[in-house]
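Heads up, the thing below is written out as structure tokens.
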Amino acid sequence: MDVEGKDLLASLVPVEELDESRAARLAAQLAELVAQADIAYHGQDAPFIDDAEYDRAKRYLAGIEDRFPQLSLPDSPTGKVGAAPDGRFGKIAHRQRMLSLANAFSEDEIADFVQRIRNFLNLPADAPLTLTAEPKIDGLSLSLRYESGRLVQAATRGDGSVGENVTANARTIADIPETLNGHGYPDVLEVRGEVYMTHADFARLNQSPTGRSFANPRNAAAGSLRQLDAAITASRPLRFFAYAWGEISAPFAPTQMQAVEALQGYGFQTNPLMTICNSVSDIMAFWQSVERQRAGLDYDIDGVVYKVNDLGLQERLGFRSTTPRWAIAHKFPAQTAWTRLEAIDIQVGRTGALSPVARLHPVTVGGVVVSNATLHNEDYIAGVSADGCEIRGGKDIRIGDWVEVYRAGDVIPKIADVDLSRRPADAAPYPFPQTCPECGSPAERETGDSIRRCTGGLICPAQAVEKLRHFVSRAAFDIEGLGAKVAEELFRDGWIAEPADIFTLQDRYGPGKLTQLRNREGWGEKSALNLFQSIDRRREIALARFLFALGIRHLGEVAAQELAHHFGSWQALRDALDLARPAALALRHAEGAIRAEREAADAEGRRARLSETRAAALAECDLPPQAEAAWSDLIAADGIGPVLAMSLSDALANPQERAAIDRLASHLTILPPEARATDSALSGMTIVFTGTLERMTRAEAKARAEALGAKVAGSVSAKTDLLVAGPGAGSKARKAAELGVKVMDEDEWLTLAAR
Ligand code: IVH
């Protein structure tokens, strides 16, 4: 996970302490983080965040959405599992969604899980409740459709609704029967389970000269299954455990245990450790015994899964948006090992963040050799701040220290602890660099930010190359044949220095000069021509992609889409940012006041009134009215908070960055966003809800408005078309009256929405 993601998670305060604008900002950032983690995990088989962190981000986001339903994003990741397929395979819509499991990390959480089930079913404490327990296999899930006993289709999970068609590949896996054994199976039976690779097979594959090297068995299994050429899959030693089912034409067992036994009878491998538990203490005993056996198993597991055994009860319990109420995954804690910290390196990221990385004496943690670990930021290493106070989470880490390293799954390892008793006498506190190690520019920290950043902008080669890598990434320009590696090579060789240069490559190295590209190592005439063609195809680009690709700090995919919808064109957004610049500057100057308010609020145990502090700062500056209007319009866009707005404003106010963006835009046709929905009285309107709604929840009201093509904003501005005010409406209703915005009550709104 990048430093910003770590930092974000480290900075979370209890949801109850958030004010709405902070919550909005966090929600957008967390949504972004979760979305990227989903893509990395499911789409690219290369996770960068561990399960506990992922879970924490998602739970916190759900907490924000509970408390501020108006902040629920239409495509919030709390409502989805996995990542959409990437187009290399045919798509298959799952007839029954492939869900994920809620996670638990402690006995208390398991006890809560059991109690919730009892409450839901109204089962008294002494009524029996049986659960199955089985290892959670660390592979990738697959759904196999059998019709009249014959395998007709195999699909990956994808985003849970639509997966990839990997039928030909699945047929090559020995554990997957082509026809079912015995009889009594339903005519339609979708068998679900996990594809995995054993440790022994993984080691052989990684050693074989022709085999690719994968980081771990899970990535190897995923990479092997998702091969376009089924012959390659066939050459990889994949296995399959069946543990669940999707669509069935008729029930085939009354309990989970009997169903799994039936699957075994039909010819599937099922996990031999699966058992029955009748209480939380049974569960804990089983979990501990599996944890003890873990190291001796020949496949990776990352926890234990419990499921209500009685399928009738499962049916009654049903599902939340992405997880069943009747099952839970009980994860194992991360594995750890002690080693020496040999050096600290500083990496410079796209937004200039200086990220310290620990270089470790190589050590095996949970079967994987680890030689690097993230050190997050300056404060984390120092353990104390400049004013001598201890920093929460700070460890005072020094070169030469013995450190405890941990990883869970595929994560970037982290440092769990430092053994001060083994600290060498000459180990000195680490002097965090005050200048960028890549370009020598001063590295500065903004007030309240734990990250030191290089101020070199585009003159810093590290930032420039990271910006280019981001620019060509899948959610950005996604140019076929020009991935991060090629972009980096072309940058190092001086062929491209900034995104705009990609679009002049052909003029500079194309026909006539084609030989130059063709002569590069790894390039032939065809690949050179293909590259120019795929670059040409991207000369037309959707506004949201264009914005996201700029790599501006805090501007994620979701926010880019919101901006695109709000402004409709790059020119409109650019003009608005120019107009709003004085307001952004006024707020930059008010950062001291904002910090003071935050600290005062913390000290007094109340919520910080940052929007008031900001409003006061703006009022004090006597801004031109257009600047104020442009600013309120900017932050009226859904999910666009002042922090992102300032970051956008700064980017455009920086002469080098502005010129680079303009150069890029001059090569492009930037397409306006497609309308979100049409044909409704509400389509295109911007609506704000305030006060208490009595007939539906805020979340429902927002979902309804958006389904009808309206935008829901958090605050009233000149762009607001309608304010729906329930009892208790306060400042928003006054502002609407001032601005002449139409106001209606909940009943009128419902009539309008019903039309
Ligand atoms: S049951 C409705 N059982 O874990 C839930 N899942 O985090 C059906 N997994 O997508 C899943 N071992 O890929 C189940 N014994 C097991 C499992 C298991 C691994 C995976 C599966 C699922 C993910 C959820």
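We count ligands from 1, going down the list as the structure has it; atoms in each ligand are counted the same way. One-based numbering along the sequence shown. Computed from a predicted structure; not experimentally measured.
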Problem set entry | Side-chain donor-acceptor pair present, D300, H199, cut-off under 3.5 Å |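 Side chains of D300 and H199: pair found under 3.5 Å.
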Problem set entry | E194 and Y243 side chains, donor-acceptor separation under 3.5 Å |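 Per modelled atom types, Y243 and E194 side chains form a pair under 3.5 Å.
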Exercise. So which pairs with a foot in residues 112-132 pass salt bridge (Lys or Arg N to Asp or Glu O under 4.0 Å), sequence neighbours left out?
Worked result: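 Not a single pair qualifies under salt bridge (Lys or Arg N to Asp or Glu O under 4.0 Å).
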Exercise. Near ligand 1, which residues have a heavy atom under 4.0 Å away from one of its atoms?
Worked result: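 Contacting ligand 1 under 4.0 Å are L99, S100, L101, E134, P135, K136, I137, S141, R157, E194, Y243, V305, K307, P324.
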Problem set entry | Backbone N/O of L142 and side chain of R157: donor-acceptor pair under 3.5 Å |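 Checked: no pair found.
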For this session: Mind jotting down which residue pairs meet the ring-ring contact (aromatic ring centres under 6.0 Å, His included) criterion with at least one end in residues 109-162? Sequence neighbours excluded, please.
Result: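 Output for this query lists Y146-F268.
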For this session: Scan for ring-ring contact (aromatic ring centres under 6.0 Å, His included) pairs involving residues 163-183, sequence neighbours excluded, and state none if there are none.
Result: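 Every candidate ring-ring contact (aromatic ring centres under 6.0 Å, His included) pair involving residues 163-183 fails, so no pair, neighbours aside, qualifies.
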